[in-house]
Each structure stands twice: as structure tokens, then as C-alpha cells.
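Here the structure is laid out as C-alpha cells; the discussion comes afterwards.
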Amino acid sequence: MPDRWLVLSVRVPSDESTGELAEGLFALGGSAVHEDDDWLRTHLDPPADPKAFVAAAAERLRHLVGSEPELEWRWQADEDWSSQWRRGLAPRRVGRRVVVAQPWNEDEARALVAGVASPVLVVIDPATAFGTGEHATTRGALRLMEGVLAGGERVLDVGTGSGILALAAAGLGADRVLAVESDPESMGNARANLERSPWGRRVELVNDEVDAAYLARHGVPGFDLIVANVLSGVLVPLLPGFRRAISPGGRVILGGIMESEAPLVLDATSGARLGLEAEDREEGWWTGLLGRVDR
Ligand SMILES: C[S@@+](CC[C@H](N)C(=O)[O-])C[C@H]1O[C@@H](n2cnc3c(N)ncnc32)[C@H](O)[C@@H]1O
């Protein structure tokens, strides 16, 4: 852990650019991206030359949104941010059955779980990987997943991050879960989360990038569910491969999509012969559940 962080904030000029800017902040090395009114904020390892770093960051973000980004930066001591943020987290129920908790508050979680019928407790150490349960896109995918998993399924989790969706899928009854993550830095956190879970053994964790070739190699026999909470720019080109990699009654959950982007994504899904069956909206984010359309 560094002893201080560079906090970089960028003003979001329009709803449409939120996804691209969040992706840009992750690509710069941001460990988590927070939304605060019309600003996105991330914490980065301290660069040797912060002014040059911020100038290069502005240039990269300008390419993504096509206009000059409004940026602010400051230093923050580690004690101020990461430990306070971790301490402030509390177990939360998502949907009907899933409770997401942190390793140090399992007692509190057990009290919450006591009031839930057939609870699925997912314990996640909120380290650097994305997927603490604090983001609306993760929660949207969890709620939709709860409605489709009945037990015995084969699931693919594209971009597993902390492993949160893979673990929830196994807890909701999936028999085998393939959890793929392209960022090697997330693997340690995901592995630790799997190891502390009673269902971790049903999850196979792989460091790879899911693309059309990967889906063709692993999509036989088809997956009963593919869950992909990544950005729309990553999802859209993967849609035909998702369609081919699911079984006849299989489903796809797409997340990481701003509500304003949903119509464009839905155009692409119908082109890929995937039909919308349910949707979830929270804090301006859209998550869709889709099934095969045979025509
Ligand atoms: C928004 S995070 C989601 C994490 C977690 N699944 C959740 O729902 O909270 C997206 C993750 O997908 C990974 N990712 C993006 N494109 C990918 C790809 N083509 N194959 C595998 N992982 C990918 C990113 O590195 C990131 O960790």
C-alpha cells in the first residue's frame, strides 16, 4: 500500500460519457471509481511526476470523450481514505436472498442473514479488484441472477473482478462457474474471496481475456448463464459470441451500461438474436437479462 494516493477527479460533461470516463480512470490505474454528482473520482498510486501524469491523463480522457476534460487532483494520505472507506462498509442485502458482507463484520452479517429465507452470504474483502457490492451495476446483476438460477447450472462470469458474481452464482445453486478476469492484479483478491467461501470450490478462476475465440473454445456444451458486468464498449462486440455460447434455454445478463446507452445496446442484442426478458435500473445504470430468440 502506498502511504498516500493521488486523487483524480473528472467532471462528467454528459450522461453518455460516464461509462467511457469511468473506463478511462480504470485504465489509468484507478482501483475504484466513485460518482459524486457530476464528478467521477478515483485513487491512484502516487506517480513520480504528478503534473506530467495529470497532463497525460487529460490527453487520454480527451480522446475518449472528444472534448477537453475538466480535471482536479490532490494528495490524500492512505489513512484518510482506504482504511476509513473499508471501516465504513456494512453488510447489505441485495435482492431477496443475497447478503454481501466484509470479512471483519461477519457477526453483523449473520444477524442480517437471520431474517432472510434461504440466504446466500457472499463475503468479499474490498481490496483493489472491482466488485465490493457498493456499485449499482454489481447489484443489478445480482438481482437478475437470483431470478434465473434454480440449481445445477453452468455459468460463465466475464470480468469477475473480486469474484463477487461468480460466488453469488455458486451460492444460488450453480454447479460449475467459470470466472474469467483479464486483469492479473485482481487475481489475488478473487482467489482469497473464493478460498473463504463454502462454494469457492465450484468456481474455476482464470486470468484471460474473453473474446470471440475464447467463447468458441469454452461455449461447448453451452452455458446456462453468462453474466458480464463490463462496459458497453466491451460487451457489444461480444454479443454474437455470447449467443453462440449459451445453451438453447440459456440466458445472458449484461451490466455496466448507463440507462442512456441501453437503447443502443438493445439494438445490438436484437441483431445478435437475443431478446430482453427483464431489466433492472439503479442510480442511472441499466442491467438486462436476455434469452435466445430463434428465428
Ligand atoms: C465493472 S468490473 C465488474 C467486476 C464484478 N464482476 C462485479 O460485477 O462487480 C469489470 C471487470 O471486467 C474485467 N474485464 C473487462 N473486459 C474483460 C474481458 N474481455 N475479459 C475478461 N475480463 C474483462 C475488468 O478488468 C474488470 O475487472
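These values consider heavy atoms only, across backbone and side chains, with no hydrogens, waters or symmetry-generated copies. Each ligand, and each atom within it, is numbered from 1 in the order the structure gives.
The closest approach between D208 and ligand 1 falls below 4.0 Å for a heavy atom of the residue.
Taking a cut-off of under 4.0 Å to the non-hydrogen atoms of E181, the atoms of ligand 1 that pass are 11 (C), 12 (O), 13 (C), 22 (N), 24 (C), 25 (O), 26 (C), 27 (O). Close approach to N229 involves these atoms of ligand 1, each under 4.0 Å from a residue heavy atom: 1 (C), 2 (S), 3 (C), 7 (C), 8 (O), 9 (O), 10 (C). Atom numbering of ligand 1 starts at 1 in the shown order; those under 4.0 Å from a heavy atom of E209 are 19 (N), 20 (N). Every atom of ligand 1 with a heavy atom of D183 under 4.0 Å away is listed here by number and element: 25 (O). Residue L165 approaches ligand 1 through these ligand atoms, each under 4.0 Å from one of its heavy atoms: 6 (N), 8 (O).
Here the straight-line distance linking atom CG of N189 with atom CD of E181 works out to 10.0 Å at 0.5 Å rounding. The CD atom of E283 sits 9.5 Å away from atom OG1 of T137, with the distance rounded to the nearest 0.5 Å. Note that CZ of R41 and CG of L8 are 11.0 Å apart. Values are rounded to the nearest 0.5 Å.
Given atom 15 (C) of ligand 1, the protein heavy atom at minimum distance is V230 CG1, 3.6 Å. Looking only at protein heavy atoms, the nearest one to atom 9 (O) of ligand 1 is T138 OG1, 2.7 Å. In terms of protein heavy-atom proximity, atom 16 (N) of ligand 1 is closest to V234 CG1, 3.8 Å.
With atom 6 (N) of ligand 1 as the reference point, the heavy atom nearest to it among G161, G159, G131 is part of G159.
The shortest N or O to N or O distance between S186 and ligand 1 is not under 3.5 Å. Polar contact check, I164 against ligand 1: no nitrogen or oxygen pair lies under 3.5 Å apart. The N/O atoms of S182, backbone and side chain alike, include one that comes under 3.5 Å of an N/O atom in ligand 1.
Within the 3.5 Å criterion, the main-chain N or O of A174 finds a donor-acceptor partner in the side chain of R202.
Closest of all the heavy-atom pairs between R154 and V220 is NH1-C, 4.3 Å.
A ring-centre distance under 6.0 Å is not found for H34 and W39. Ring centroids of F26 and F130 are separated by less than 6.0 Å, placing the two rings close together.
Around atom CZ of R217, more than 12 heavy atoms belonging to other residues, nucleotides or ligands sit under 6.0 Å away.
The parts of V210 lying near ligand 1 are both backbone and side chain, judged by heavy-atom distances below 4.0 Å.
Taking the six-membered ring for Trp and thresholds of 30 and 60 degrees, W75 and W73 have ring planes more than 60 degrees apart, a perpendicular arrangement.
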